[in-house]
Participant: 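Okay, here's the structure, questions in a sec.
Numbered from 1 within each chain, the chains take letters A, B, ... in sequence-line order.
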Amino acid sequence: MVRTRFAPSPTGYLHVGGARTALFNWLFSKRERGKFILRIEDTDLERSTREYERSITESMKWLGLTWDEGPDVGGEHGPYRQSERKEKGIYDEYAEKLVGMRKAVYVVYDKDDREKELLETFEYPESYIQSGHDVTIRFKMPRRLKIEFHDLAKGDMEFSSDDVGDFIIMKSNGFPTYNFAVVVDDHLMEVTHIFRGDDHLSNTPKQIAIYRSFGWELPTFMHIPLILGRDRSPLSKRHGATAVDHFREEGYLPEGLLNYLALLGWRVVEGKEIFNVFENVEDFDTSLISNKNVIFDYEKLEWVNGKHLRMIEIENLCYRFTEYLSYLNMNDLREVVEKDKIYSMEVLNICREKVNTMKQLVDISIPFFVESYDYEERYIEDYLKKEFSTSILKRAIEKFSENEDWSVEGCERVMRNLAAEKIASKKKTFQLIRGAILGKLVTPGLFISLSVLGKGKVLRRLERTLELARSVR
RNA sequence: GCCCCCAUCGUCUAGCGGUCUAGGACACUGGCCUUUCAAGCCAGAGGCAGGGGUUCGAAUCCCCUUGGGGGCGCCA
């Protein structure tokens, strides 16, 4: 059975690189009907926090990358936090085994100069520990050894053990180091496939050496390219936001982000760029992933997201919209949206044609939901303050009061009649009305907006705007 | 410094020795639609890092150079 894992260290938020790594592991386990494990690598006491761990798991759940085994859901191979595994003495046990096999040694350090090594010994340095000396365990890399392994992306790899050298596996504080803990855990958790960032490629020989020392079977490795910023340096805050949480806040859809992340460094099958990773699990193929570092393109991400925004079922979009509003704590607006679902769906449906993210969707749709919408400064200056504003608004109120046909065509007829009166140019007339009913100069189509708002709202808004026009002129 | 990975438009990618005057997508430019535009449609500009080989023939294979990235922690 295939078992993959994502093993973040809770020293920061889940960033897009991590999300992509998680996605590949997740996708592979799903396609192979295997299991996906979440393991928290919190062996760095200084930097790991529960808060970050919570944030990472929250982001993963939001993305929909759920796990079969992990710290919260448990599983047969727990615990799933390395700090807890350390408490159980798992790493001590295996490190001591290595010492027993003479493949690792205790290193005792000078009490006063903690950098200075006093001695190496295969015997447990009881007395030194009693007297307060720092002790670590160091893996002794065999000399002149070829370390070979196959990488799904890079092919056959060969390193010389002499280029790798010895390395510490147990710190003086009793915690394992990364290169040791991953091996022990991946083996104990029966992980079969490891998809991880390219940056771990050079670490792999160390890990292979440990696997070999224990006589453990090697998992399959695939080192995937890193995500870089515009200037080809590793993607960081400097290039813009990288946290998954940020994209959530900005109104990206999980399927949009995931689609883009999959697309990044991916061979597109038959030109199909827009797809839902959840619905195309079977298409996941490791040979589709290119092994070249890629640059994160915020603009393409937005484009991809826009496609999804316009693609999903309107009912689903409406639901997601309310979820987003509560995420932003815009609960008043959420209530309004939920009160009349039919109306809300109509509004969102015409608004989504114009935008790419949920955030933009909120901005453009707000005036449809609240009566106290604001007027754009430019609208007031260029239209309301002009001499034609009051007379056109007055005529519009008269015409719309008499209007019985509030279909899109009906509203168009009224507008065209109004423009035909030539109080101002067609464009000015239309824009004046647009701003009057929505406060903005960029909105969905005018006729359909009028139709969706309906008689009551339109008249109320025209009256309100007329009053404002009188006061500003 | 040592070890490793990578190299097609600005970006992501197709290409796996001839079908390449190198195809697609985002972005860009122009046009169309039009009541607005951040949506849609159409068109255009833009690339095989450089140098050696191999071959009848190279974007495709080999070598070197250059460039970019990674690792060499009691970080992960």
Side-chain angles (χ1 to χ4, degrees), chain A residues 7-12 41-44 46-48 82 107 109 114-115 134-138 151 153-155 157-160 162-165 167-179 181-182 196-206 223 225-226 228 230-234 260 263-274 288 290-304 306-307 309-310 350-357 360 363-364 379 412 415-416 419 425-435 438 440-447 449:
Chain A
S9 67
T11 54
E41 309 218 322
D42 54 351
T43 52
D44 184 345
E46 311 282 296
R47 300 191 299 146
S48 300
Q82 289 185 329
V107 181
Y109 299 81
R114 291 169 174 264
E115 305 282 289
D134 277 354
V135 174
T136 65
I137 298 179
R138 185 158 59 202
D151 186 279
K154 314 293 180 193
M157 299 294 305
E158 186 186 303
F159 288 84
S160 162
D162 295 335
D163 289 327
V164 180
F167 57 97
I168 288 170
I169 57 175
M170 292 298 283
K171 309 179 201 174
S172 56
N173 66 2
F175 277 80
T177 59
Y178 164 76
N179 282 117
V182 243
R196 50 156 59 148
D198 241 353
D199 50 341
H200 289 292
L201 190 59
S202 304
N203 281 320
T204 311
K206 290 180 185 170
H223 288 91
L226 264 20
L228 309 178
R230 272 249 161 250
D231 58 358
R232 298 212 158 269
S233 67
Y260 176 68
L263 211 57
L264 197 58
W266 192 280
R267 295 168 60 194
V268 177
V269 185
E270 289 160 24
K272 203 177 161 215
E273 286 202 297
I274 303 300
L288 255 36
S290 78
N291 51 359
K292 168 185 141 188
N293 289 169
V294 289
I295 292 171
F296 196 81
D297 185 345
Y298 290 85
E299 286 168 329
K300 185 141 188 179
L301 166 63
E302 191 180 316
W303 176 78
V304 169
K307 288 285 184 189
L309 199 72
R310 270 164 248 125
I350 63 172
C351 287
R352 68 166 162 179
E353 296 301 324
K354 304 281 170 184
V355 301
N356 290 325
T357 67
Q360 295 164 359
D363 288 341
I364 199 167
Y379 173 67
E412 174 167 3
M415 281 310 301
R416 295 214 182 275
S425 71
K426 186 162 81 176
K427 178 176 172 177
K428 281 176 180 159
T429 307
F430 282 24
Q431 286 296 75
L432 179 76
I433 300 301
R434 181 193 308 282
L438 294 166
K440 296 175 192 294
L441 291 172
V442 174
T443 73
L446 180 55
F447 313 141
S449 296

Participant: How many angstroms lie between CZ in R114(A) and CG in D134(A), if you round to the nearest 0.5 Å?
Facilitator: 4.0 Å
Participant: Reckon T43(A) has a side-chain N or O less than 4.0 Å from the OP1 or OP2 of A76(B)?
Facilitator: yes
Participant: Give the nucleotide from the list A39(B), U36(B), A25(B) with an atom nearest to the side chain of W303(A).
Facilitator: A25(B)
Participant: Pick the C1' atom in U13(B) and in A38(B), then give their distance to the nearest Å.
Facilitator: 26 Å
Participant: Roughly how far apart, to the nearest Å, are C33(B) and A43(B) at atom C1'?
Facilitator: 15 Å
Participant: Rounded to the Å, how far apart are N203(A) CG and G70(B) C1'?
Facilitator: 10 Å
Participant: Roughly how many Å apart are U29(B) and G70(B), using the P atom of each and rounding to a whole number?
Facilitator: 33 Å
Participant: If I pick the C1' atom on G44(B) and the same atom on C5(B), what distance separates them, to the nearest angstrom?
Facilitator: 38 Å
Participant: Using the C1' atom in both, what is the distance from A59(B) to C48(B), to the nearest Å?
Facilitator: 5 Å
Participant: So T177(A) and N179(A), side-chain hydrogen bond (donor to acceptor under 3.5 Å, both in side chains) or not? Walk me through it.
Facilitator: CA-CA 6 Å; T177(A) 59; N179(A) 282 117; 5.8 Å; no
Participant: Are K440(A) and D363(A) within salt-bridge range, i.e. N to O under 4.0 Å?
Facilitator: no
Participant: Under 4.0 Å, heavy atoms only, any strand: does S160(A) hit a base, just the sugar-phosphate, or nothing?
Facilitator: nothing
Participant: Whole Å only: how far is the CG atom of L228(A) from the C1' atom of G68(B)?
Facilitator: 8 Å
Participant: Looking across every strand, which nucleic acid part, if any, lies under 4.0 Å from S9(A) by heavy atom: base, sugar-phosphate, or nothing?
Facilitator: sugar-phosphate
Participant: Does K171(A) have more than 12 heavy atoms from other residues, nucleotides or ligands lying within 6.0 Å of its NZ?
Facilitator: yes
Participant: Sticking with atom C1', work out how far A76(B) lies from U19(B), rounded to a whole angstrom.
Facilitator: 50 Å
Participant: Check every atom of U36(B), G69(B), C72(B) against the side chain of N293(A) and return the nucleotide holding the closest atom.
Facilitator: G69(B)
Participant: Taking only the side-chain nitrogens and oxygens of S290(A), find out if one of them lies under 4.0 Å from OP1 or OP2 of U13(B).
Facilitator: yes
Participant: Got a donor-acceptor pair under 3.5 Å from the side chain of T177(A) to the base of C74(B)?
Facilitator: no
Participant: Which nucleotide wins on minimum distance to the side chain of D198(A), given the candidates C3(B), C5(B), G71(B)?
Facilitator: C5(B)
Participant: Would you please confirm or rule out a distance under 4.0 Å between OP1 or OP2 of A76(B) and any side-chain N or O of K206(A)?
Facilitator: no
Participant: Please give, in whole Å, the distance from C74(B) P to R138(A) CZ?
Facilitator: 9 Å
Participant: Kindly state whether the ring of F447(A) and the ring of F430(A) have centres lying under 6.0 angstrom apart.
Facilitator: yes
Participant: Within a reach of under 6.0 Å around CD of E115(A), are more than 12 heavy atoms found that belong to other residues, nucleotides or ligands?
Facilitator: no
Participant: The side chain of R230(A) lies closest to which of these nucleotides: A76(B), A25(B), U11(B)?
Facilitator: U11(B)
Participant: Name the closest nucleotide to the E353(A) side chain, picking from A39(B), U8(B), C12(B).
Facilitator: A39(B)
Participant: Given U11(B), C74(B), G71(B), which nucleotide is nearest the side-chain atoms of D134(A)?
Facilitator: C74(B)
Participant: Work out how far the C1' atom of G47(B) is from that of C63(B), and round it to whole angstrom.
Facilitator: 24 Å
Participant: Measuring only the P atom in each nucleotide, how far is G30(B) from A39(B)? A whole number of Å is fine.
Facilitator: 15 Å
Participant: Measure the distance from CG on D163(A) to P on G1(B) and round it to the nearest whole Å.
Facilitator: 16 Å
Participant: Nearest to the side chain of E299(A) - A39(B), C26(B), C37(B)?
Facilitator: C26(B)
Participant: Taking the side chain of V294(A) as heavy atoms from C-beta outward, which of C6(B), C12(B), A76(B) is closest to it?
Facilitator: C12(B)
Participant: Ignoring hydrogens and angles, does a donor from either the side chain of D297(A) or the base of A27(B) sit under 3.5 Å from an acceptor on the other?
Facilitator: no
Participant: Look at all strands and tell whether P205(A) reaches a base, only sugar-phosphate, or nothing, counting heavy atoms closer than 4.0 Å.
Facilitator: nothing
Participant: Side chain of V442(A) only, please: which of U8(B), A38(B), C74(B) is the nearest?
Facilitator: A38(B)
